[in-house]
Amino acid sequence: MLKNRQELAALRDSCQKSASLQKKQIKVCAGTGCIATGSLEVLERLKAIMKEKNIDCTVELDAAAHSKDGVALKECGCHGYCEMGTLVRVEPQGYLYVRVKPEDCEEIIEETIVKGGHVERLAYKYEGKSIQMQSDIPFYKKQMRVVLEHCGHIDANSIHEYLSVGGYAAFEKALFDMEKDVVVEQLTEANLRGRGGGGFPLGRKWTQVRRQKAEQKYVVCNGDEGDPGAFMDRSIMEGDPHLVLEGMMIAGLVCGANVGYIYVRAEYPIAVNRLRNAIAQAEEFGLLGDNILGTGFSFRIKINRGAGAFVCGEGSALTASIEGKRGMPRTKPPRTVEQGLFGKPTVMNNVETFANVPMIINKGVQWFKSIGTEGSPGTKAFALTGNITNTGLIEVPMGTTLREIIFDIGGGMMDGAKFKAVQIGGPSGGCLTEEHLDLPLDFDSLTNAGAMIGSGGLVVMDNNTCMVGIARFFMNFTQFESCGKCVPCREGTKRMLEILDRIVSGEGQLEDIDMLLELSDTIASTSLCGLGKTATFPVVSTLKSFRDEYVQHIVERRCGTASCEKLKRIVIDEALCKGCTKCVKVCPVDAISGKVKEPFTIDQSTCVKCGVCIDSCPFKAIKEE
């Protein structure tokens, strides 16, 4: 139990000294993605091999030990390059080994740890060449990891590791060296905007809560992150949980709150376990609890697991869920800063936003404003998924263009396909197309383009993607996730989904397009919360950029990408067909006709699209379209 500032500083210095002497390190990615590929088995195998070889293996930083000469084996957070998991980084060389399996571990120990060499076959390959250093891999080159700086580099389960990289120094500074008003003023001047979607200035929100005259206030961290394909907050909670706690502690200190809640979706068990571990460690060291470091300030943090409802990402629905009620938004005002959790003033930000706070306090306002754009300073983490070569977690300065993210970091489209669109901001966002590739990704530019950053999901699509189907997918998601409280969202999204279902089934009418736009306008302008107000964005944006695809589905009863099952057609290429009759013999409904040694045809009204004719054709003349 740390009793004062001096003891905290002494412990931090001791941790930093111990960490500096850990020259040889093996850092195994233990984020959710790599765990799914077997990283924990790799971790245990490395540990076992070093024991067999009598190599001194340290699995936890010992703050009191300053003379270790073995190998530090660390269970780290997400390295980001999920496509290449399991990832293993070796220090001091900076080697990154990709797609590591348990059977590779002995070679890593023998060649790299014992002999100091490199295992060439486990290196990342780019354009036929092996790249040894992580920093030289194109996926990492244009990134700027600020919030994710320590993810993948420190043991995610150790408070000693966090202290060794300067952990809790910002909280210490705010607690002992700064007036509370000055802390809020600096965050306001830094113009840190909420990373959860709307981009609301953090300083303004904290100022409003600080001004409230109430004996009880709360701090709430929104870790719900319900967007399909988004996993930024999850990775921060898994890889650097103490950073999130520190940001919340600073919020509690300056806003007058003594209790904080982290609302984490139930689908994030690893994040929950590491947060619980971090909270227990902070309590053990006296950084959470009563009379912290002898100052009289008390603060406790609790974890609340959500049930997977997308609507609980909305502030008032989230607080209702913590209170044990059904997660449903309420009418505003009053807003959360006035009457939030249990009817008390509440600071609510998402994980990434809280994670930025300690760094601004430590490194200063000008440092933060030197990154990104004037209106959107700092960095943003994105989850890069879809039809793209490199998928994973990235962090770039605000204002980085889509072209840089998709083609430089993401490596472009898979299998030589052509870029078509990217869905940004999840179900609440919109589609951006080729004309937007040089658009800087910041809050204001995206708003002007009819999209939004949202929590940071980027789903990249190529020319084989049906945009009507994409619109239907997101509408199906938001309709299913609607809490049902307000009529526009509950009924309007249902009607829109019915129309989209008809269109992708070949039963749409041209007037359906006008009806979709009319319903979109009504739902967006009259829904109660953000889910309903933005639910129609994917439909509106795809209609704006890909209206011809809607018309093709309706008029031609055809899907140009052959993605819509009910609109698929099986056709015979006359130039390739030799009239061999093999397709005729296997067709179960006699839909194929013609003369021997002449091109055959398929009766579309009879064809059941079973595909057996495609498999039977020796000349590859039959295909789906």
Side-chain angles (χ1 to χ4, degrees), residues 25-39 42-43 74-91 94-100 122-126 131-156 165 195 225 227 229-241 243-244 268 270-271 274 351-352 355-356 359 371 378-386 388-398 400 404-412 441 453 455-460:
Q25 301 178 31
I26 301 177
K27 302 174 178 180
V28 180
C29 177
T32 294
C34 280
I35 286 177
T37 64
S39 68
V42 168
L43 191 76
K74 300 180 186 291
E75 181 180 329
C76 300
C78 181
H79 285 68
Y81 205 170
C82 306
E83 178 80 12
M84 292 290 155
T86 292
L87 296 163
V88 174
R89 181 180 166 106
V90 183
E91 304 290 5
Y95 296 156
L96 184 69
Y97 293 134
V98 302
R99 294 179 176 154
V100 177
L122 296 176
Y124 175 76
K125 307 297 190 298
Y126 180 71
I131 299 180
Q132 297 182 355
M133 310 294 290
Q134 180 173 342
S135 56
D136 292 333
I137 296 174
F139 179 78
Y140 293 102
K141 272 190 170 182
K142 283 202 171 183
Q143 291 193 49
M144 183 177 187
R145 291 169 74 89
V146 174
V147 169
L148 300 175
E149 179 182 6
H150 303 305
C151 287
H153 294 277
I154 64 172
D155 186 337
V165 293
R195 278 8 186 198
E225 194 173 47
D227 292 3
F231 51 93
M232 298 74 58
D233 288 349
R234 185 195 74 197
S235 297
I236 296 168
M237 290 185 285
E238 289 178 357
D240 204 356
L243 182 64
V244 182
Y268 288 176
I270 298 169
R274 289 182 183 163
V351 171
E352 189 180 348
N356 270 284
M359 288 174 288
I371 305 168
T379 61
K380 180 72 188 79
F382 292 98
L384 198 55
T385 60
I388 192 166
T389 302
N390 304 327
T391 59
L393 179 70
I394 69 170
E395 184 178 0
V396 294
M398 283 283 198
T400 302
E404 291 175 287
I405 290 175
I406 293 171
F407 293 96
D408 296 341
I409 297 173
L441 291 188
I453 284 182
S455 59
L458 284 173
V459 183
V460 183

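Values in this document were obtained by computation on a predicted structure and should not be read as measured data.
Q134 CD to R89 CZ: the interatomic distance, rounded to the nearest 0.5 Å, is 4.5 Å. Taking CG from L243 and CE from M237, the interatomic distance works out to 12.5 Å, rounded to the nearest 0.5 Å. A distance of 12.5 Å separates NZ in K141 from CD1 in I409, rounded to the nearest 0.5 Å. Put simply, CG on L96 and CE on M133 are 10.0 Å apart, with the number rounded to the nearest 0.5 Å. Taking NZ of K380 as the reference point, atom CG of L441 lies at 10.5 Å (rounded to 0.5 Å). Atoms CG and NE2, on L148 and H153 in that order, are 9.5 Å from each other to the nearest 0.5 Å.
The shortest side-chain heavy-atom distance between L122 and R99 does not fall under the 4.5 Å cut-off. By the 4.5 Å heavy-atom criterion applied to side chains, V147 and M359 are counted as neighbours.
Contact record, V100 with V42: O-CG2, 3.7 Å, taken as the closest heavy-atom pair. Nearest approach of S235 to L393, heavy atoms of both residues: CB-CD2, 3.4 Å. In terms of heavy-atom proximity, D155 sits nearest to E75 at OD1-O, 3.3 Å. Shortest non-hydrogen contact noted between Y268 and F231 is OH-CA, 4.3 Å. Shortest non-hydrogen contact noted between V28 and S39 is CG1-O, 3.7 Å. C76 and R274 get closest at one heavy-atom pair: O-NH1, 4.2 Å.
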Report the C-alpha distance between V396 and E404 in whole Å, list the side-chain angles of each, state the deciding distance to 0.1 Å, and finish with yes or no for side chain to side chain contact (heavy atoms under 4.5 Å, CB included). CA-CA 10 Å; V396 294; E404 291 175 287; over 6 Å; no
Evaluate the criterion side chain to side chain contact (heavy atoms under 4.5 Å, CB included) for residue pair C151 and R145; output intermediate values, then yes/no. CA-CA 9 Å; C151 287; R145 291 169 74 89; 4.2 Å; yes
I would like to know whether L87 and Y81 meet side chain to side chain contact (heavy atoms under 4.5 Å, CB included); could you show each step before the answer? CA-CA 8 Å; L87 296 163; Y81 205 170; 3.9 Å; yes
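No donor-acceptor distance shorter than 3.5 angstrom exists from the side chain of K142 to the backbone of Y140, with no hydrogens or angles considered. At distances below 3.5 Å, at least one donor-acceptor pair connects side-chain atoms of E225 with backbone N or O atoms of M232. A donor-acceptor pair under 3.5 Å is absent between the side-chain atoms of Q25 and the main chain of K74, judged by distance alone. Remark: the backbone N or O of E395 is paired with a side-chain donor or acceptor of Q143 at under 3.5 angstrom.
Residue E83 is tested with T385, T391, N390 for a side-chain hydrogen bond (donor to acceptor under 3.5 Å, both in side chains); the sole match is T391.
The aromatic rings of Y124 and Y126 lie parallel to each other, their planes meeting at an angle below 30°, with 60° marking the opposite boundary.
For R195, the salt bridge (Lys or Arg N to Asp or Glu O under 4.0 Å) test picks out no residue, with sequence neighbours left out. The side-chain hydrogen bond (donor to acceptor under 3.5 Å, both in side chains) search around T389 returns none, not counting sequence neighbours.
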